[in-house]
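Treat the numbers as computed from the prediction; the structure is a model and nothing was measured. Labels below follow one simple rule: chain letters A, B, ... track the order of the sequence lines, proteins then strands, and each chain is numbered from 1.
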Amino acid sequence: MDGGSDSNAYWSANIRLVVICLIIWAIVSFGFGIILRPMLSGISIGGTDLGFWFAQQGSILVFLALIFFYAWRMNALDRDRGVDEE
Amino acid sequence: MDHNSLYLLFVGATFALYIGIAIWAMAGSTSEFYAAGRGVHPVTNGMATAADWMSAASFISMAGLIAFTGYDNSSFLMGWTGGYVLLALLLAPYLRKFGKFTVPEFIGDRFYSQTARLVAVVCLIVASVTYVIGQMTGVGVAFSRFLEVDNSTGLFIGAGVVFCYAVLGGMKGVTYTQVAQYVVLIIAYTIPAIFISLQLTGNPIPALGLFSDHTGSGEPLLQTLDRVVTDLGFREYTSHDGNTFNMVLFTLSLMIGTAGLPHVIIRFFTVPKVADARWSAGWALVFIALLYLTAPAVGAMARLNIIDTIHPNGTSGPQIETLAYDDRPDWMKNWEVTGLLKFEDKNGDGKIQFYNDKSESFAATAEANGWKGSELNVNRDILVLANPEIAGLPGWVIALVAAGGLAAALSTAAGLLLAISGAVSHDLIKGALMPNISEKGELLSARIAMAVAIGVATYLGLNPPGFAAQTVALAFGLAAASIFPALMMGIFSKRVNNVGAVAGMLAGLIFTLLYIFLHKGWFFIPGTASFPDTIAGSLFGIKSTAIGAIGALINFAVAIGVSRATDQPPKEIQDLVESIRVPRGAGAASAH
């Protein structure tokens, strides 16, 4: 770490990314899977509705995508800011 | 080859493999014992984490929980996977950067407080010991059903195998046996599921089969299931009947609890770099998802298969035909021996009736059919183990499932025992009682602690306390209410200090424990509960299993409030927080 402002910018970029990912995390599980399920009841999939699919399949797939997306973005950010491990 | 020799062959071969790995992966230093020398590839660690995490509950119980409840138990699917997002984004990379060996060690260092460290040790030990009881009873059940040995012999064999690779190999031995155990358990779980999905839907991928057309009826599988369960007075499989607020809170509690379980967190100490810890969490979820995406299909298809078995001519019509008890298939006979499946001919017609006898709207139909109550009592836990038999699959598949169930239970047990022995030898003995102990002495004490922990776990497995099933809520509640918030605030706040952290952990812990005891009985002693553990009867309208998330909130609020009212943490602690937030320099830290 060279200076305070660099490290602050790095940390706020990280926080921004974490917040975005956690919003998606909450929307697909608590949202589509549970609370918003009635709103998705019009979209049918395999004999049931989209909310059921999100609760038993979709949320898990999105979780996976989120973790890999975060790892990819953060590892790139580390290199850009020169704070990765040599 | 008869069935028993097949079981012996499969289980024996996998056990021999685990012991072989133990001898190959002997731990020579504390770094190897606690963190496998920090040389584990992120994909390898992901696979080991998947086996570490997926316990007897995931392998044996979860599909049954979903099968007999339907949509409302989706909480388990979302909760036990969603926690990995929290772990990957909020904890794993930073704790790896910190570069020490145990979870209490981080809490003690970051909050410069021996008290904080000891509170974390207590939470860790209570959560891990309660969890390990379930694994040991799972080992006993799998052995007694498949190997025709009694429960205790099975337990001793299982404990002996864990002893070999955990005591000798520590984290290093456990990591590589967990990889082998993952392979065994995922093959064992998916092969029967693929066969069953093919039989019912023609689709070889169970997760897709669940949303495909049922070949028997030509309509979608879930629609068929909804129809036949409502024909028998049950609630629609895909419908939501529970309380939405409780479902959200329960899911959240499972997520936070998952991210706070120490035996999972310490797995991320084993990878070489911070960047690897981020990837590794993703790989862990890939391997977990292979089972978790399959489980809801296994549940739904097994439920349909059971109903089809009892109603070979369908469930519709005013007169519903059912199967004669004498014509019951072999799998029912096999499981009746274990007592986990019971038939009681209440109306004396010699036929099996399996319906919802608690439904008032269905009472008239039952009456018209001459039924006097549901006559089949199926333990949810037999569903996955009986699945290949229900679907009429060959004997080797059944043997494979037996080996898979044992792999799931043993891998989780070993991970838990490792977390316990690390807390005892590193946090209690080296951290508090004998700070000057040599590395060799610490390694020896870790091995002794492990051996003692295995002894205690075996004893508790042989004499399971009556409350064993209840305590899983306790393990998740404690992890969610005490450990997760402390770790997260330790990383994301520079302001939270020693007093705040201890006050927060104790507040979360005491609140959660009180709430569980008020609803489940003090120390789970029956009859001492003050409130019924139902949504309507409970203190705040929240079931005790869903309270962990509230405990976590209280922990956050108290810790931040108390910290604001007291002094800032010293400069060196703020520098420590700065340093764990950036990956550079992680290699140096691991040399400790």
Side-chain angles (χ1 to χ4, degrees), chain A residues 1 4 6-8 10-11 14-15 17-22 24-26 28-35 37-38 41 44-49 51-79 81-86, chain B residues 66 71 74-75 77-79 81-82 84-90 93 207-208 210-214 219-226 237-238 240 244 247-248 251-252 255 272-275 278-282 284-286 288-289 292-293 295-297 492 578-579 581-587:
Chain A
M1 292 308 297
D6 263 10
S7 75
N8 282 343
Y10 169 77
W11 188 246
N14 176 31
I15 297 288
L17 198 56
V18 168
V19 170
I20 293 169
C21 290
L22 287 184
I24 300 171
W25 164 82
V28 294
S29 52
F30 305 114
F32 295 164
I34 306 176
I35 301 165
R37 189 180 169 203
S41 60
S44 67
I45 165 170
T48 180
D49 57 282
F52 183 88
W53 182 81
F54 263 104
Q56 301 211 332
Q57 302 280 324
S59 55
I60 300 175
L61 295 169
V62 176
F63 295 157
L64 263 177
L66 282 175
I67 297 179
F68 279 108
F69 172 75
Y70 177 77
W72 168 61
R73 292 304 310 149
M74 276 312 287
N75 292 345
L77 188 69
D78 290 352
R79 281 192 298 276
R81 307 263 171 182
V83 295
D84 57 329
E85 297 138 286
E86 298 82 27
Chain B
I66 296 166
Y71 165 79
S74 305
S75 291
L77 295 166
M78 291 185 281
T81 55
Y84 278 83
V85 178
L86 300 178
L87 196 57
L89 272 51
L90 304 177
L208 299 177
L210 180 61
F211 298 92
S212 303
D213 286 347
H214 179 224
E219 56 183 2
L221 180 100
L222 284 166
Q223 215 167 305
T224 314
L225 186 55
D226 274 344
Y237 187 82
T238 57
H240 175 45
T244 304
M247 187 172 172
V248 168
T251 308
L252 185 61
M255 286 177 174
K273 296 199 295 183
V274 175
R278 295 188 185 124
W279 289 126
S280 196
L285 192 55
V286 167
I288 291 167
Y292 273 59
L293 294 172
F492 286 84
E578 281 286 351
S579 102
R581 287 178 178 182
V582 290
R584 179 155 289 176

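- Only the side chain of B:L90 comes within contact range of chain A, with heavy atoms under 4.5 Å apart.
- When all heavy atoms are compared, the tightest approach of A:Q57 to B:A207 is OE1-CB, 3.3 Å.
- We find the OG1-CZ distance between B:T244 and A:F30 to be 13.0 Å, quoted to the nearest 0.5 Å.
- When every heavy atom of B:P296 is checked against every heavy atom of A:Q56, the shortest pair comes out as CB-OE1, 3.2 Å.
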Residue pair B:K273, A:D78: steps toward the salt bridge (charged side-chain N to carboxylate O under 4.0 Å, His left out) verdict: CA-CA 12 Å; B:K273 296 199 295 183; A:D78 290 352; over 6 Å; no
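- When all heavy atoms of B:P583 and A:Y10 are compared, the closest pair comes out as CD-OH, 3.3 Å.
- Taking the side chain as every heavy atom from C-beta outward, A:Y70 and B:V85 never approach each other to under 4.5 Å.
- Ring centers of A:W25 and B:Y84: at least 6.0 Å apart, outside the cut-off.
- Taking CE of B:M78 as the start and CD1 of A:I34 as the end, the distance is 4.0 Å to the nearest 0.5 Å.
- Heavy-atom minimum distance, B:L77 versus A:A55: CB-O, 4.2 Å.
- At a 4.5 Å heavy-atom cutoff, the contact between B:I66 and chain A is made by side-chain atoms alone.
- More than 12 heavy atoms of other residues, nucleotides or ligands sit less than 6.0 Å from atom CH2 of A:W11.
- In terms of heavy-atom pairs under 4.5 Å with chain A, the best-connected choice from B:G82, B:A289, B:S75 is B:G82.
- In this structure, B:W279 and A:F68 have tilted ring planes: the angle between them lies in the 30° to 60° band.
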Verdict with supporting geometry, B:V274 and A:N75, side-chain contact (heavy atoms from CB on, under 4.5 Å): CA-CA 9 Å; B:V274 175; A:N75 292 345; over 6 Å; no
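- Here OG1 of B:T81 is found 8.5 Å from CG of A:L64. Values are rounded to the nearest 0.5 Å.
- Remark: A:I20 CD1 to B:L89 CG distance equals 11.0 Å, nearest 0.5 Å.
- Residues A:D84 and B:R584 are in side-chain contact: their nearest non-hydrogen atoms beyond the backbone lie under 4.5 Å apart.
- Considering CZ of A:F54 and OG of B:S74, their distance stands at 13.5 Å, rounded to 0.5 Å.
- Between B:M255 and A:S29, some side-chain heavy-atom pair lies under the 4.5 Å cut-off.
- Neither the backbone nor the side chain of A:D49 comes within contact range of chain B; no heavy atom of the residue lies under 4.5 Å from a heavy atom of that chain.
- Nearest heavy-atom pair across B:A88 and A:I67 is CB-CG2, 3.6 Å.
- Between B:Y71 and A:F52, the ring planes are tilted. Angles from 30° to 60° get that label.
- Contacts with chain B were tallied for A:T48, A:I35, A:L66, A:L61; A:T48 has the most, counting heavy-atom pairs under 4.5 Å.
- Of the residues considered (A:G33, A:G82, A:C21, A:P38), A:G82 shows the highest number of contacts with chain B, using heavy-atom pairs under 4.5 Å.
- For A:I15, the part lying near chain B is the side chain, with the backbone staying farther off; criterion is any non-hydrogen pair under 4.5 Å.
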